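Written out below as structure tokens is the structure these notes cover.
Quick note: numbers below take in every heavy atom, side chains included, and nothing from hydrogens, waters or symmetry partners. Predicted model only: the values in this text are computed from it and were never measured. This chain uses plain numbering: 1 for the first residue, then up along the sequence.
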Amino acid sequence: MRVTLKPLTMADAPAFWQLAYGDEDAAWTQWNGPYFHDQLPSREQFLTKIAPTKFIDQPNQRVIWVDAKMVGSVSYHYADGDLRRWLEVGIVIYRQNKWQQGIGKAALTQWITQVWSQTTLPHLGLTTWSGNTRMCHLAESIGWQEEGRIRQVRYWQGKYWDSVKYGCLREEWRG
């Protein structure tokens, strides 16, 4: 199994849309901030507006490939907007049959190493929720520390969950 990160191309954009957004009831949508109730983009929206402006030729997005198949994506964004001093990474494995195979760990490790090479910032972070135990475990398995827990602020399926923040300082990264 070979895990690689590649920029999305317009040629691959239709297949990526199908993978990521083609099934509005896909299992991944129950774990990636489901309490926000985000609407998945239509094929047309993605291909004409989102892919060209937010994915193609953008340094903050990569598609995760396992061998010759797209399985997910990694990204980063600045949590503080234009100040650009607080950077958070993210990962989604869209194919449920690829969960718990070490793909997320391999992809996130590669991504974090790439992001460190693109920035001089001393800290990287990621935010998840206490119900996403696989993401919490992934962050801890790559050596990141839980840096904050905001209790009972994420409401999902009739229950309150914690928002959990993980982070790593540049000198701690051992990717």
The reported gap from CD in Gln118 to CG in Leu87 (rounded to nearest 0.5 angstrom) is 9.0 Å
message = Please determine whether the number of non-hydrogen atoms from other residues, nucleotides or ligands lying under 6.0 Å from atom CZ of Arg170 exceeds 12.
response = yes
Is the terminal nitrogen or CZ of Lys159 (NZ for Lys, CZ for Arg) located under 6.0 angstrom from the six-membered ring centre of Trp161 and within 45° of that ring's axis?
yes
Quick note, side-chain hydrogen bond (donor to acceptor under 3.5 Å, both in side chains) partners involving residues 85-97, not counting sequence neighbours, are Ser73-Tyr94, Trp86-Glu88, Glu88-Thr127
One should read off an interatomic distance between Glu140 CD and Thr133 OG1, to the nearest 0.5 angstrom, of 10.5 Å
By salt bridge (Lys or Arg N to Asp or Glu O under 4.0 Å), Glu147 pairs with (sequence neighbours left out) none
Interatomic distance, CG@Leu126 vs CG@Leu108, rounded to 0.5 Å, equals 6.5 Å
**Report entry** Ser42-Trp17 side chain donor-acceptor pair, cut-off 3.5 Å
**Finding:** no
(Q) With a sphere of 6.0 Å drawn around CG of Asp23, does it hold more than 12 non-hydrogen atoms of other residues, nucleotides or ligands? (A) yes
side-chain hydrogen bond (donor to acceptor under 3.5 Å, both in side chains) pairs touching residues 2-15, sequence neighbours excluded, are Thr9-Asp12
By salt bridge (Lys or Arg N to Asp or Glu O under 4.0 Å), Arg134 pairs with (sequence neighbours left out) none
Contacts of Tyr35 meeting ring-ring contact (aromatic ring centres under 6.0 Å, His included) (sequence neighbours excluded), chain-then-number -> Trp129
Kindly say whether Gln152 contributes a backbone atom to a donor-acceptor pair with the side chain of Asp162 at under 3.5 angstrom?
-> yes
Should the heavy atoms of other residues, nucleotides or ligands under 6.0 Å from NE2 of His137 be counted, would the total exceed 12? no
For Ala106, the side chain to side chain contact (heavy atoms under 4.5 Å, CB included) test, sequence neighbours excluded, returns Val3
- Task: May I ask you to check whether over 12 heavy atoms, not counting those of Gln39, lie within 6.0 Å of atom CD?
- Result: no
